[in-house]
Every structure is written in structure tokens, then in C-alpha cells.
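Have a look at the structure below before the remarks.
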Amino acid sequence: MNHPKRYLITAALPYANGLKHIGHLAGAYLPADTYVRYLKAQKRDVVFVCGSDEHGTAIPIQATKEGTTAQAIIDKYHPIIAQNFKDLGIAFDIYHRTSDPLHHETAQEFFTVLNNNADLEIKESEQYFDESANSFLADRYIKGTCPNCAYESAFGDQCERCGKSLSPDELINPVSTLSGNKPIKKATKHWYLPLDRHEDFLREWILKDHAADWRSTVLGQCKSWIDGGLQARAVTRDLDWGIKVPLAEADGKVLYVWFDAPIGYISATKQWAIENDKDWKPYWQSKDTKLVHFIGKDNIVFHCIIFPVMLKLHGDILPDNVPANEFMNLEGDKMSTSRNWKLEMQDYIDDFINKENGGPQLADALRYYLTQIAPETKDSEFTWKGFQDANNSELVNIFGNFINRALVLMHKLCKSKVPPLHVDLLDELDKATIAEISTATKKVESLLEQYKFRDALFEVINLARTGNQYMQKKEPWILAKQLDENGQITIEAQQQINNCLHICLQICANLAILVNPFLPFTATKICYLLKVVPKILEWENAGKLHLLRVGYTLRPPELLFRKIEDTEVAYQIEKLQKALETSKQESAAIPEIAAEKTIAPLKPEIVFDDFAKIDLRVGTIVSAEKVEKADKLLKLEVDLGFETRTIVSGIAMHFNPADIVGKQVSVVVNLAPRKMRGIESNGMILMAEDASGKLHFINIISDEE
RNA sequence: CGCGAGAUAGAGCAGCGGUAGCUCGUCGGGCUCAUAACCCGAAGGUCGGAGGUUCGAUCCCUCCUCUCGCAACCA
């Protein structure tokens, strides 16, 4: 096989506005780490870079939320995230950060090169400007009345109540959140990356050159983007948090975060080179470097379309592959920071690794399950029961048990020493089993080269399974009952036992090598038990039968993994539910706090005929439930007397489903059916808004009462 | 008809033109060195739905349904 001269492996830069969850881990960091560990075991020249992404408007916004500064936010999250990775065995060669001066220089140089080569376009546009704060306003910093639902605290990019995405120009009565003043329109100049100029290149490079080796999900998304028409994308923004645009005429402007963030891979490589006395340039400029980006699917457009265009213009190499993963759901629902439906790395570390019965084996247990269910071809799902099953039945019962029983038997039947191999006595089964070791090695190798991590891991476990089967057929514990007249095991039996356990122990050593990229802590522990140095983990040793020296005394067996108890699973599920409840209460409180005491503007006048078209009926809500994955929707069943209808209503922020069952409501019954989130809504519940923006049902006052 | 990806046993996935398979789980039997594995056997699928091409379709074509993404936060 022809290997590239060197590798540069990147994992998506985590955005430093909060803790990261296991979806991030499974999507980008874990596969990247596994791949890198494999390459390093192959003694290939590889650098694995990552770091915190610390710019963009979301950071100052998070700062406002936490009542602190943007700098304090990134200084808080950067080290925590770095430590989380370390605890889970994600071993970057460098974990850098985009706030570092080196990165600022690198990104500015990058911009300058593109700008000097006339690869950027300059466009002028009118943007909102806050005179008292003397600054242009990012979309998120403008609030106003939503043109769609009349909510007064809609953001410039989206209304939080009706969910409609907006541009600041659409807002009625825009207000700057910096000062509370009304912003003015002011002309501003921005630099754009004209992606449309590179359409031919992208088509050729992605859809033709990589048609065979990139994942179909990645290709599909790229095609969708290209076919949709590529447009120039703004490279700069009017903001004070970020990297200054290196031009005198661009005062008060910074590089747009999407532009500077991927350049962070280059800065990180430079920093690594400084620390290790290496030259960073070949890793980005030499054609014999293989560049691979590990990301989640939301990042495909940046890593497959935008960043490659930037790299090409700058004269750097292009990624050889971008093995993006799909998403990982959690217990039946999408992971979401805002809804608190997530498992953060920190939580897992606290609840498992840092417990007395924890330790690094629990890091490997998570790595195992996340790899086993990695969303390589489609979205997958993390469940605590699944985690328990995978850990208990595969890691503990098959893998751990094989190593344990091999060691236990060796101590019992071979005087705690590695027994000799009597080559002349090898039978067909012995030979087939030995052959299986190198077959497994080749399979794992080939699968890893294709980024098929879950299949590769299966092959590793499968070798342990083969070991169990082999041992079972040989039954050394039965052979040990063949005694001579002195009560000793007969020589013939002992030789059979020796061969069996010799092969089993060599399988153990091979398992350490094969499992090392996936479960590094476990590999290290196996080395300890077998009294071998970590150097044997080098991949060239895989498939070999001479890893353990005959006659060597090994350590007493220790268990590699512990079982996950039912109580732990129950505890985690309960914790998840509680967190969800907490966040529901918090988000339910948002409209009240956010609603200013201003009067909602009146809508345009209508005539009587408009009103007369509406067929109003009285109904009773018979059931109400939250619509999945929609913050604002409730699915209602409303009994109208003559029929019961399903009506989807955007009132979840205002009412608890349980509280409104049985309520009488006014229903517009002749509203055209409309599908929302896959549920057909037949009608509309009448609501009226009070002066503060709060919704109320239009009540029916019954004649009888 | 916006575009892309997906829908196959209880769960997770593979197969992609010729008697539907793997891992886990469940049930029954055997064995026991092991946090028990392993062996034998069993249950469980009209391969999302409807048409079409074909001697023959899970696999190819058309349409439809649903899920996820592109499109707040977000791998």
C-alpha cells in the first residue's frame, strides 16, 4: 500500500460558549482520535490539531447571559473543554485557541493574501448603526416587533416566538439592545468571498474526483449546495469581538467567525511546530500531505465548499476526505443545549470516570459505545440501556472475560508463566486460530483506512469472540484432569494446555494492539497485565505470535471492565428528565421577562366581509401534548360536538398541556388544513393578546352558568 | 412537487437482481476455567406504502408516507 508522506488530521473546533456533549464527541473527536491513534501506531508522520473557536457574536451574547465579559467566557470554557478531552483520552497534539495572537496573525495574513490577489469582492450596504454606542449592530443585537406574529422582542435574525427567520430590516420599531435607542441606517463596506467564481472547480473536485471515496451523505449535501447556486459570502462583520480586519479603512470590523475559525487549524499547526521544533509548512503546502477533517454534518458546507475555496486561493492543499458524521440522538430526542436534553462530557466524567468505582476504564466504556453506535451513515441514538448492554455484554462478557479467563487459566495451569508453544503438536484448529489473528488485523486495518470505525471495532471484539471459541474447544481445564500416578498432569496433557494458553495469551497481546486506537486505556492496562512495554502496541506487531516471551511470569489477573448496574441507568434517565423539566420552566418564563410594557402595534384595518368568512364554533380540548422538536407547538384534540379535530397551536410557550385539557375554546373551523411538523392541523384556536404580549384563550361564557 | 440523507426481526445495522443475514436481547437444552463464555436448538420480518420493469425485486424505475438535515442554539 502506498501511504502519503504525512498526515494532518483536524477535529472541528469546539465553540467556546459552553460545555460540549457526547454528540460532539461521537461526531468528530472520537473518530478523529481513533484514526490518529491508528496512524501513530503505524508510525506514520501525523499531526492531530484542534482548539477552541472563540469568536463570533454568540460569545459576547453568552457573556451577557452570564453577566461577564467575552474574554471571561472563553477563558472559562477553553480549559474545561480541553480537560474533558484529556479525561476521555482524546489526545490532540495541540489544543490551541483562536484568541491566541498567533492565530490573529495567521488569519489576518490569510485575509491579506486573498484580498491582495483580488479574490475578494467589496460591497457596500446599509446596516443598522447605534449612534450612542458608536457601532454597527449584529443581527442579534437588534430587537423589534416581529412582522409575522407581532411579538415585540424578536431578534434581528429570528423571532423567538413564532420561529420565523428574519432580517433586521423586517423588524418593526427596531431597537438596539446595546443602548435601547433606535438605530439609524448607515452605509458600511464589507468584503465577500465570491464562491460562485469557483463553481466549476468545486463540481470537478468534489462531484467527480471524490465521487467514489467520500461518504454519500457528504457528497449529497455538497451537490445540493452547488446546485442551489453559490453566492458570495461576507467575510467581515461590524463587531468588536474578533480578529481585526488588517486594513486601515476597515476600522471597527472583524473577520467573520466562519472565516477565521477553520484557519485555526493552520494556527494550531504552527503552534505545534513551535513547541516541537518542527516545520509546519509541509503539513499545509506539500502535495504529499493527506489532510482529513473530522466534523459533524452541520459543518459540511464549511469544510467541503468554503474552506477548500479559501485554501485553494491561498495556495494550500485541499482535504483528501471529510468523513462527516450524522447526528446522535439521546433517548429518543435530538440533543439540544437550549432544551437541556443532552449528556455533556463533563457530566459523564463526573458521574462515571471520577467516581470511586470509575477510572479510565469508564472512559473506554463510553468510547466503546459511542464508536459502536457512531452515526456514520445515518443518525443514531444513544440510550442508557444501550450503553449498559454494549458495556456488559460485549466489553465485559466477551472481551474482558476472554482476557481474564486466559490469565486465570495460565496462572492455574502454567505456574503463572507464559507456556511454551510446541510447534510439532499444532493441530488444524490451532493453525486456523493463529491465522485468524492476522486476518482480523487486516480487516481492522482496511476498515480504519476507510473511516468505517464501527465495523473495525466489531472486528476487534470478534477476535476476542474467536479466542473464546478456541479456548472452549480446547478445554484446557478438562485436560488438566488427566493425571499420572503421582497426581500430576500428564506430560501430553500439559503440552496441549501449553499450546492452548500460549495462543490465547498471544491473542490477548494482539487484542491490545488492535483495540488501542479505540480503547487506549484498556490497551495500556493489558500491557501492564502481560508485563510488556507499550512499544508492543505498534501496529507492525499485530498479527504476530511472538509478542510474549516464553517463561515470563505475568501479573495476577485484574478485571478490565466493570458492569453497569440497572440503578445507574435508572439514575441517568431520571436526571435527564429532571433537567428537561428545569429548562421547560425556564423557557416558559422567557416571554414574561422579555415582554416589554409596550403596546403591540395595530394590524391593518379589515372590512366586515373579511370577518364574515370566518366560521366560529365552540369546542372542548380533550387532549393536549407537546409536539416533538418544536418549541412552540402543542397538538390538541378538540371536540366540536359533531367531530373531534386535531389542531396544532403555537402556544406551548404560554401553557402547559396538562392545564388546558377540558378548557372550552373558540375555534375557527373553516381554516384551510395546514401541516406543521408533520401533523395536519384542521382549524385554529382563537387567542387574544393582552397589552404585555401574553396570550389568553377567548373564553366562552356559557348561558347556563 | 425546494434540495439532500434515511426507512430491513424487540434494539442496532448489513445486503442492493436469483431460497432474507450479522451483533445484542428473549426462550429451551448442554457445558463450566471465567464479571461466565462457548455449543446446539427455538421464537421473531408480507425488507415504510402503492404501482411498474423483469422469467424473477429488499435490491432497478415512478409516485406516496414518515424521520433527520439544509434553516435559531447545534457534532
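Below, chains carry the letters A, B, ... as their sequence lines are ordered, and counting in each starts from 1.
As judged by a 4.0 angstrom heavy-atom cut-off over every strand, Asn401(A) is placed among the base-contacting residues. Among the heavy atoms of the strands lying under 4.0 Å from Ile398(A) are primed sugar atoms or P, OP1, OP2 only; no base atom is included. Counting non-hydrogen atoms under 4.0 angstrom, Phe402(A) reaches nothing in the nucleic acid. Nucleic acid contact for Arg454(A): sugar-phosphate only, since backbone atoms but no base atoms lie under 4.0 Å from a heavy atom of the residue. Among the atoms of the strands shown, base atoms are found under 4.0 Å from some heavy atom of Leu409(A). Within the nucleic acid shown, Gln372(A) has no heavy atom closer than 4.0 Å to any nucleic acid atom. The residue Phe294(A) sits apart from the nucleic acid: no heavy atom pair falls under 4.0 Å.
Counting only Watson-Crick and G-U wobble pairs whose two distances sit under 3.5 Å, RNA chain B takes part in these stems of three or more pairs: B:2-7 with B:65-70, B:10-13 with B:21-24, B:26-30 with B:38-42, B:48-52 with B:60-64.
Ring orientation note: the planes of Phe307(A) and His293(A) are tilted relative to one another, at an angle of 30° to 60°. In this structure, Tyr451(A) and Phe294(A) have perpendicular ring planes: the angle between them is above 60°, well past the 30° mark.
Exactly one of Phe387(A), Tyr369(A), Trp384(A) qualifies for a side-chain contact (heavy atoms from CB on, under 4.5 Å) with Ile564(A). That residue is Phe387(A). The residue from Ile305(A), Ile295(A), Leu219(A), Val322(A) that alone fulfils the side-chain contact (heavy atoms from CB on, under 4.5 Å) condition with Ile300(A) is Ile295(A).
Side-chain N/O atoms of Asn404(A) and Glu558(A) include no donor and acceptor closer than 3.5 Å. Judged by distance alone, the side chains of Asn468(A) and Arg465(A) never bring a donor and an acceptor atom under 3.5 Å apart.
When the nearest nucleotides of RNA chain B are assigned to Ser216(A) and Lys473(A) by heavy-atom distance, the more 5′-ward of the two goes with Ser216(A).
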